[in-house]
Amino acid sequence: MSPESSVSVSLKINGRDCEFSAPACDTLLDVLRDQVGMTGTKKGCDMGACGACTVLADGRRIKSCLALAASYDGRSITTIEGVGTTDNLHQLQAAFIRHDALQCGYCTPGQILSGLALLDEKPGDLEAIREGMSGNLCRCGAYPNIVAAIAELAGL
Amino acid sequence: MSGPSFQYSRATNLRDALILASQPGTAFLAGGTDLLQLWKSGAIAPTAVVDISRLPLDHLEFLDGQLSLGSLARLSDVGSHPDVTRNHPLIASAILASASGQIRNMATLGGNLLQRTRCAYFRTEGLACNKRNPGSGCGALAGESRQAALFGASASCVATHASDLAVALAALDAEVEVFGGEGLRRFPLRDLYRLPAETPERDTHLTAGELITGIHVPNASRFVARSTYLKVRDRASFEPAVVSVAALLHVENGRIVEARLTAGGVAPLPWRLTRSEAVLVGRAPDAQAIAAAGDMAVEHARPLAHNGFKVALLRNAVIRALQTIGGQP
Amino acid sequence: MSSHPALRYEAALKVTGSAVYEAEVLAPGMLHAALVKAPIGCGDVLSVDTTQAADLPGFAAAVCYVDAETLQPSPATALIRERAIHFAGQPVALVTAGTLQAAREAARAVRVTAQARPAVTSLAQGYDESFAPAMVGRFPAETRRGDAARALTDADLVMRNRYDTAVNNHHPMEPHAVVCWWEDGKAVVHTSTQAIFGTRAMIAHAFQMAASDIRVVSRFLGGGFGCKGPLWWPWMFWAMLASKKTGRPVRLELTRAQMFTLVGRRQQTVQDLGLGFSADGRLTGIEHHALAQTSTHADYSDSTAVYSRVLYACPNVTTTHRLVRTNEPQPVPMRAPGTAPGTFALESAFDEAAERLGLDPVELRVRNFADHDQETGRPWSSNSLLECYRVGAERFGWSQRPAKGTATDGRWRIGWGMASTLYPAIRQACRVRVELTVDASLRVQCGTQDMGSGTYTALAQMAASSLGIPVSQVTVELGDTLLPEGPFSGGSQVTASLTPAAEMAMTRLRTRLANMAVTDERSPLAGQPVEGLEFRDATIRSRTGNVGESLTDVLARGAAEGLEAEGESVATQHQSLVASSMGYGAVLVEVGVDAELGEIRVRRVCGAFAAGHILNPLLAKSQYVGGLIGGIGMALHERTATDLASGQIVGDSFADYPIPVHADMPEFDIAMIEEEDPHLPGGVKGIGMLGTAGIQAAIANAVYHATGKRIRSLPIQIESIIE
């Protein structure tokens, strides 16, 4: 493959096939928000620290701001839009609401995607949840309630 | 944030990667977790990126006590693999102490070893940094030096290496396998990194286009019972080490037969504490021996204005790590 | 007024990613913007050359001081109209292009020449040039009560110490953004602001337009903490100018790095605090002098020493505030402005005094309780601080406090510490409109903001309970200047400001409904006394009798087109207050310190807060915990560093500015002490900032208790513990 300035990328986003052309240096985050128009995934720092951009790629949580879209060609991506809707909430989303695991809401989609992936890892106790979630920053201070929501689903 | 646009290509095999990388200004893309940060902050400006992430180099084999790892294996996969957790708990601990869950899913072993320094002067355009911009000076030297090295620094550069995995592998005498114009070669990890001296812009001895393809870890079963990775951070998680220590002991009949100690966060590369190791051999892992090892570790430390506390911290961290593993039967 | 843990009104939108933040507004033909930095940290712009940038693909237009000269001069336009460069990182132009990448490339291609002037890049460099502002906010900068100098000389115990607090940055998770465009000379501005009406007023002034030709929208704010205010306006104005120039919508989003310099910071303080006590532990004198950094283009002082005037009883109090101008970014209020740095000094000093006097720290506070506002002579409208101490101490188990330096848990040395916290309770003017449709659905409107603080929920709850309908039947609209004017989101004032306005609107609505029913002979309630009616379960019913009628029936008969009502309230009239109002709290913490490795971890926190009537304990608890976590960050982690040589921030990223993470969390125990306050409408005080003060000193006191090390500068880090 010779070097290209623009790439053609195919992704399965929340089960739906999407194809688009993007500049080579676009990240998955930029493509999701600006090209595909799915703004549920948030840009908090664009440098891989805050985790607001967390999505699942083939079931694994990643920071989409550090993911070059071209490099993810052919992958299956899950965003917050694919987790649940206001009429059909995922259990974790419902737990977030019940535990008030959010305030301004900007970090929330990333916390939820990250939490879903962490639940698959079967965290053993609250400390494991806290450690496992430490890649998702929250400035409003919803941390304890977020952990409580995840813990509820983990049966802890 | 972003730097200047670059072109993208994907390598189909190692030869292809080498050819594509022969263009000046080309960077390899594996997990992308460091590359994209560097590009966005203006620390690097590649004209082209060669994606090697799909090359079949993610193997993990444990045979006759030797661990062979493909350089493109993901940190999370390696850190949770039973062959690693059982036989190389030091590697598992170091990996799990790195970064965050999402980053560990993306980042590769090779990329982790080759990560550039986290020094803020390097990663911020406009600040004096000989590593990023040779000849511009070292802003950390007389500026914010809290993160600076205690060893191996020079008047040109005082940056440290932030990889936890590198510290663990250095303690284990791991080797790296590199593919380049001459084919495959293999050498100790400790020979991968360069000290800054007068040319801090080069972190490693790799030549342009060379690629780490694998990591080999010799038999470490004698250390499994006494192995620890101690990472000291300002906050409880998701931060590079202020100081870290990888410690391994082989004890027989109450005497230390072999000791491995490597420090992180204090030098431009993993800092093997050979003199501390030497002072332990033949002795019981008692308080005096451990204290001597701690003292040895900091004997030639050269602190700057804001990192003097790291001297006592390193000494104490060595002692704490040895206390942790010294006392077991 | 009722209290109910109603679920957060907009939670379903937020957990599904369907809440639209203003950067996400779709505007056809939108251009992306990027800012161009000055090449130096102090001096003047000579020229801005965009010819190279203009040749790049996708380039649309650039704006700089030349374009901004069409705006009215004001503090909000100074940085974009004038050529002076005040701090490193100051933008000198904005470029627009078809994509964000193209905009950034174009920004890099802009050639700026500038003439440098010597820069002052730290507070320490400017000590000799300090000056005193006249006011700090609405308080005088300097006050004298009695003779503190004499009192300190004569005191049985006198302590004088210096306290330092570092620069912090707000860092809400949502970066500042604007999407703006012009329609026939009218401006539409979707932006992340804590003050839509303040923003509208400034646009009107800057562009010399009628306010009615400007619409500002901010429906969901991804955090603010004080930085989504005036300092954002210059960059927003440039985006608006670019939109005008190109005839296309423009979006500007700040990068995280830019949020270290462009939108405000918590100023660095150096505080000299002298306390004098009598042998029985009563304060005889306080001298509290605060020195802080401000920029070279605007003056700002936190009210750092202000609260030493009133928190405790003391006859002799001298306080001063001074500023040093440096070529660093401008400070602004940041969560718990004044109280956070000020209580760090005062509450640390109290802890030291307690030990020297041989008194329990809580007891020392109790002995010095101020039973009225000694600065103004006014009574408190309510003050339950003593109850906070009592409840907090009991829940925390304070009476079991181990002797200093004796408790351990594995590698951790355990220490306990406590502190008082407070925050003024004030209100702004507010208008609320309610619209009831024939199916008994209620729409509540107010042009105020919700930055995660629970404004949507507060209004929904108040309206729903007032009318006796479920919250699910209430729609709340906020964040649009087309709505009735509401308060800005700051000073923990929004709920208190909304309450009387919402109550008035609802009362008017209820009165009309009640009258409709009792005057209509077709109604079962005909002839009933209006005072005997209650609104419950979507019906109006007599409290005594067994008659009632559904709201929908009343409406169908008498108001098929629906009903509307408005309510309003006025701001706190500071000049004519009968009583002073504050919220209070007692914060108690347990820390673990590893004396050899220097690591410090907060293990548990108890906050006992008294802030009037709590409308929603679920959301209130979230606010308190959020505040405490912010305080932990200030105490243990956060420090924005400047490179003295260049004036640039060193480490302008979350990697180098470590805010607390999940793994840092202690156990939280929050007690909310109900207070009745007849002076405040609805008895509501602000709560958002109570948690963010006091805890810093509580942590420092606990660290001392664990290690014997008294640390008087923030953040407390590894090097504070290990030499």
Side-chain angles (χ1 to χ4, degrees), chain B residues 1-6 37 40-42 45 99-101 118-121 123-129 137 139-147 162 230-240 242-245 294 306-321 323-324, chain C residues 34 37 39-41 57 88-89 99-105 108-109 255-258 411 594-602 632-633 636-637 639 641-665 715-723:
Chain B
M1 298 187 71
S2 58
S5 301
F6 51 75
Q37 285 186 55
K40 291 184 191 206
S41 65
S100 66
R118 304 275 352 162
C119 178
Y121 287 88
R123 294 196 177 236
T124 310
E125 267 185 301
L127 290 180
C129 174
L141 202 52
E144 290 289 314
S145 56
R146 186 175 190 262
Q147 284 190 347
L230 173 64
K231 182 173 182 177
V232 180
R233 287 178 273 207
D234 288 313
R235 68 180 181 194
S237 185
F238 194 20
E239 225 190 347
V242 177
V243 159
S244 69
V245 174
H306 304 133
N307 70 350
F309 73 98
K310 283 206 205 186
V311 178
L313 179 57
L314 176 58
R315 179 183 177 279
N316 294 347
V318 168
I319 291 170
R320 178 70 58 84
Q323 284 170 341
T324 302
Chain C
K37 275 194 303 207
I40 55 174
T99 66
L100 185 54
Q101 180 65 16
R104 285 180 176 150
E105 306 249 33
R108 265 193 291 276
T255 65
R256 183 55 56 180
Q258 287 165 343
R411 67 182 177 114
D594 187 316
E596 283 80 49
L597 301 182
E599 289 174 319
I600 305 152
R601 304 282 181 255
V602 182
I632 291 174
L636 296 178
H637 306 302
R639 173 182 167 257
T642 301
D643 173 54
L644 297 183
S646 64
Q648 271 185 247
I649 305 297
V650 184
D652 52 0
S653 69
F654 276 142
D656 291 298
Y657 185 86
I659 69 173
V661 292
H662 271 283
D664 288 314
M665 289 304 102
I716 300 170
Q717 296 187 288
I718 294 170
E719 56 264 54
S720 316
I721 307 296
I722 322 184
E723 306 316 289

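Here the structure is a predicted model, which is why all the values come from computation and not from measurement. Atoms considered below: every heavy atom in the structure, side chains included; atoms not considered: hydrogens, waters and symmetry mates. Letters go in sequence order (proteins before strands), and every chain restarts at 1.
Here the options are B:I319, B:V243, B:V242, B:L313, the test is side chain to side chain contact (heavy atoms under 4.5 Å, CB included), and the partner is C:L597; only B:L313 passes.
Using a distance-only test at 3.5 Å, with no hydrogens or angles considered, no donor-acceptor pair links the side chain of C:E105 to the main chain of B:G3.
B:R233 pairs by the side chain to side chain donor-acceptor pair (under 3.5 Å) definition with nothing, not counting sequence neighbours. B:F6 meets the ring pair (Phe, Tyr, Trp, His ring centres under 6.0 Å) test with B:W39; sequence neighbours excluded.
For a residue to count as touching a neighbouring chain, one of its non-hydrogen atoms must lie under 4.5 Å from one of that chain's; by this rule B:T124 touches chain C with the side chain only. Interface remark: C:T642 contributes backbone atoms only to the contact with chain B (heavy atom separation under 4.5 Å). With a 4.5 Å cut-off on non-hydrogen atoms, B:Q147 touches chain C through its side chain but not through its backbone. For B:L230, the part lying near chain C is the side chain, with the backbone staying farther off; criterion is any non-hydrogen pair under 4.5 Å. Proximity to chain C (any heavy atom under 4.5 Å) is shown, for B:R118, by both the backbone and the side chain. Neither the backbone nor the side chain of C:L100 comes within contact range of chain B; no heavy atoms are under 4.5 Å apart.
Across C:A663 and B:A236, no two heavy atoms sit closer than the pair O-CB, 3.5 Å. Heavy atoms only, all atoms of each residue included: B:A312 and C:I722 are closest at CB-CG2, 3.5 Å. When all heavy atoms are compared, the tightest approach of C:R108 to B:S2 is NH1-O, 2.9 Å. Residues B:R235 and C:D664 come closest through the heavy atom pair CB-OD2, 3.4 Å. For the residue pair B:L127 and C:S646, the shortest heavy atom distance occurs at CD2-OG, 3.4 Å.
Contact count against chain B (heavy-atom pairs under 4.5 Å) is highest for C:D594 among C:D652, C:D594, C:L644. Annotation: maximal heavy-atom pairing with chain C below 4.5 Å, among B:N307, B:D234, B:L314, B:V311, occurs at B:D234. In terms of heavy-atom pairs under 4.5 angstrom with chain C, the leader among B:G143, B:P240, B:A120 is B:A120. The greatest number of non-hydrogen atom pairs below 4.5 Å with chain B, out of C:R411, C:E599, C:R256, is found for C:E599. With chain B as partner, the option from C:Q258, C:H637, C:R104 having the largest number of non-hydrogen pairs under 4.5 angstrom is C:R104. Looking only at heavy-atom pairs under 4.5 Å with chain B, the residue among C:I649, C:V661, C:T255 that has the most is C:V661.
We find that B:E125 and C:K37 are not joined by a salt bridge, their nearest charged nitrogen and carboxylate oxygen being 4.0 Å or further apart.
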Worked verdict on B:S237 versus C:H662 for side-chain contact (heavy atoms from CB on, under 4.5 Å) = CA-CA 8 Å; B:S237 185; C:H662 271 283; over 6 Å; no
